[in-house]
Amino acid sequence: MSDPRILTVRPEPGEYAWTFGGVPPVARIAPGTVLDLYTEDCFAGRVRSEKDLVSEVCEFPFLNPQTGPFHVEGAEPGDTVAVHFVSVEPARDWAASTTVPLFGALTSTHTTATLQPPLPEKVWIWQLDRTRRTALFRAHDSDIEAELPLDPMHGTVGVAPANLEVRSALVPDAHGGNMDTPEMRAGVTCYLGVNVEGALLSLGDGHARQGEGETCGVAVECAMNTVVIVELLKGLATPWPRIESDTHIISTGSARPLEDAFRISQLDLVQWLVRDYGFSELDAYQFVTQAVESPLANVCDTNYTCVAKLRKQWLPARETHRGTHARLRETAAALRS
């Protein structure tokens with residue numbers, strides 16, 4: 001096997017994308033290319049201290065900058081782009097989280113309007129120990145401190161949407177986007193259905209860690225140094241973003257209300273079992289009902305995201321997505337050696 005091509009991209013401040021679709025590619029890449037990327041945090045690096053309020057240092061809608069997009073040569077509608085995360089590592093020793101007025105799961109929002117006043121705007125700066133793999137929480141209103149384990153991930157991964165649409169990088173949908181699932185960590189492969197020629201793949205929104213649901217709407221946001229391998233599966237459609245790890249197959253669904261996001265993820269998992277694992281539709285429905293794990297990804301974004309995951313050890317020994325995850329794992333291991 002020949003060595004893969006490696007493309008290193010370190011964007012300048014004015015070179016990020018703020019949408020999926022509507023942005024020209026920063027590079028054309030062949031399938032099998034390794035991308036060595038720097039991604040900025042969702043605040044574009046502007047929230048650096050507890051005094052840096054988002055409303056004062058950031059300009060809406062210029063939030064959640066993406067590195068890319070990348071035109072994948074040969075990608076056409078009806079194909080699938082596979083993105084294998086070789087490594088996801090914080091690029092700084094600190095990260096930021098905030099409360100944002102009229103945003104989050106436990107407050108009034110623009111679409112859930114009440115007489116309740118908006119939450120106050122506060123910033124927490126988390127200290128990251130990249131050697132010990134910890135993130136330090138310091139309370140504002142007491143002397144409580146707690147070290148949590150680092151669990152770096154990407155909140156946003158996606159391609160251009162279908163039907164000439166341009167979507168904000170804050171919005172998750174069938175194209176991927178701001179799904180905010182902690183499953184998007186090193187070692188997994190994300191499958192994204194191609195909607196336009198070249199797919200136009202972008203990623204960003206690194207989180208040093210995030211709880212399921214991202215309740216206040218903001219994770220432990222940090223810049224990332226990330227290495228991915230990009231592959232193309234011709235003639236294989238993927239209707240909603242899927243993730244494969246060494247232990248699970250994982251479907252996602254993004255919509256409002258929350259139960260529709262749940263339904264999408266569960267249905268996609270049923271259809272995945274039918275297509276690749278030999279189940280009938282009703283057998284798959286029964287099996288998923290008794291075996292699925294259903295963590296929430298986010299309950300704060302423009303669309304909510306639910307996850308449906310199944311343990312591989314409980315499934316028939318079949319190949320899915322043409323064995324791409326196992327093959328890219330081998331390539332990733334060779335890169336690290």
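- For Asp301 (side chain) and Tyr304 (main-chain N/O), no donor-acceptor pair under 3.5 Å exists by modelled atom type.
- Looking at heavy atoms from C-beta onward, Leu136 lies in side-chain contact with Arg138 at the 4.5 angstrom threshold.
- The environment of Glu50 atom CD is dense: over 12 non-hydrogen atoms of other residues, nucleotides or ligands sit within 6.0 angstrom.
- Under the 3.5 Å distance criterion, the side-chain polar atoms of Asp79 are matched with a main-chain donor or acceptor of Glu76.
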In sequence, state the C-alpha distance, the side-chain angles, and the governing distance for Asn298 and Thr305, and then conclude on side-chain hydrogen bond (donor to acceptor under 3.5 Å, both in side chains).
CA-CA 5 Å; Asn298 92 79; Thr305 303; 3.1 Å; yes
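- Put simply, the side chain of Asp276 never gets that close to the backbone of Leu273: no donor and acceptor are under 3.5 Å apart.
- Pairs of residues two or more places apart, or lying in two chains, that qualify as ring pair (Phe, Tyr, Trp, His ring centres under 6.0 Å) and include a residue from residues 156-176 are Phe20-His175.
- Side chain of Ser337 to main chain of Ala334: a donor-acceptor pair is present (N/O by atom type, distance under 3.5 Å, no hydrogens or angles).
- With hydrogens and angles ignored, the 3.5 Å screen pairs no side-chain donor or acceptor of Asn225 with any backbone N or O of Ala91.
- Remark: the backbone N or O of Lys122 is paired with a side-chain donor or acceptor of Thr99 at under 3.5 angstrom.
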Quiz prompt | Stepwise side chain to side chain contact (heavy atoms under 4.5 Å, CB included) check, Ser251 with Trp272 | solution = CA-CA 9 Å; Ser251 291; Trp272 194 347; 3.4 Å; yes
request  = Please step through side chain to side chain contact (heavy atoms under 4.5 Å, CB included) for the pair Leu296 and Cys306, ending with a clear verdict.
outcome  = CA-CA 5 Å; Leu296 295 173; Cys306 286; 3.6 Å; yes
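- Atom CG of Leu201 and atom CD of Gln66 lie 10.0 Å apart (nearest 0.5 Å).
- Both Ile250 and Val81 sit in one connected hydrophobic cluster of ILVMFWY residues. Membership requires side-chain heavy atoms under 4.5 Å apart, directly or through other members.
- At most 12 non-hydrogen atoms from other residues, nucleotides or ligands lie less than 6.0 angstrom from CZ of Phe262.
- Without hydrogens or angle criteria, Glu15 side chain to Val26 main chain gives no donor-acceptor distance under 3.5 Å.
- Follow the hydrophobic side-chain contacts under 4.5 Å out from Trp18 and you never reach Leu200; the two are in separate clusters.
- The distance from atom CZ of Arg130 to atom CG of Asp93, rounded to the nearest 0.5 Å, is 4.0 Å.
- Cluster partners of Ile264, using a side-chain heavy-atom cutoff of under 4.5 Å among ILVMFWY residues and allowing indirect links, are Trp240.
- Between the side chain of Glu121 and the main chain of Val54, a donor-acceptor pair closer than 3.5 Å is present.
- For the 3.5 Å distance criterion, the side chains of Thr226 and His154 qualify, holding a donor opposite an acceptor.
- The number of heavy atoms from other shown groups lying within 6.0 Å of OH (Tyr285) does not exceed 12.
- No more than 12 heavy-atom neighbours from other residues, nucleotides or ligands sit within 6.0 angstrom of CD on Glu281.
- Not a single donor-acceptor pair under 3.5 Å links the side chain of Glu165 to the backbone N or O of Gly21.
- Note that the OH atom of Tyr191 and the OG1 atom of Thr80 stand 9.5 Å from one another [nearest 0.5 Å].
- Taking the six-membered ring for Trp, Trp314 and His248 have ring centres at least 6.0 Å apart.
- By the criterion of side-chain heavy atoms lying less than 4.5 angstrom apart, applied directly or through intervening Ile, Leu, Val, Met, Phe, Trp or Tyr residues, Val72 is grouped together with Leu7 in one hydrophobic cluster.
- Counting heavy atoms from C-beta on, the side chains of Thr189 and Val83 never come closer than 4.5 Å.
- Judged by distance alone, with hydrogens and angles left aside, the side-chain atoms of Arg5 form no donor-acceptor pair with the main-chain N or O of Ala30 at under 3.5 Å.
- Side-chain contact check for Asp41 and His207: no donor-acceptor pair (N or O, by modelled atom type) lies under 3.5 Å.
- When only modelled atom types and interatomic distance are considered, Thr156 and Asp205 share a side-chain donor-acceptor pair under 3.5 Å.
- Listed by chain and number, the residues in a salt bridge (Lys or Arg N to Asp or Glu O under 4.0 Å) with Arg322 amount to none (sequence neighbours excluded).
- Side-chain atoms of Ser245 and Glu183 form no donor-acceptor pair, as typed in the model, at a separation below 3.5 Å.
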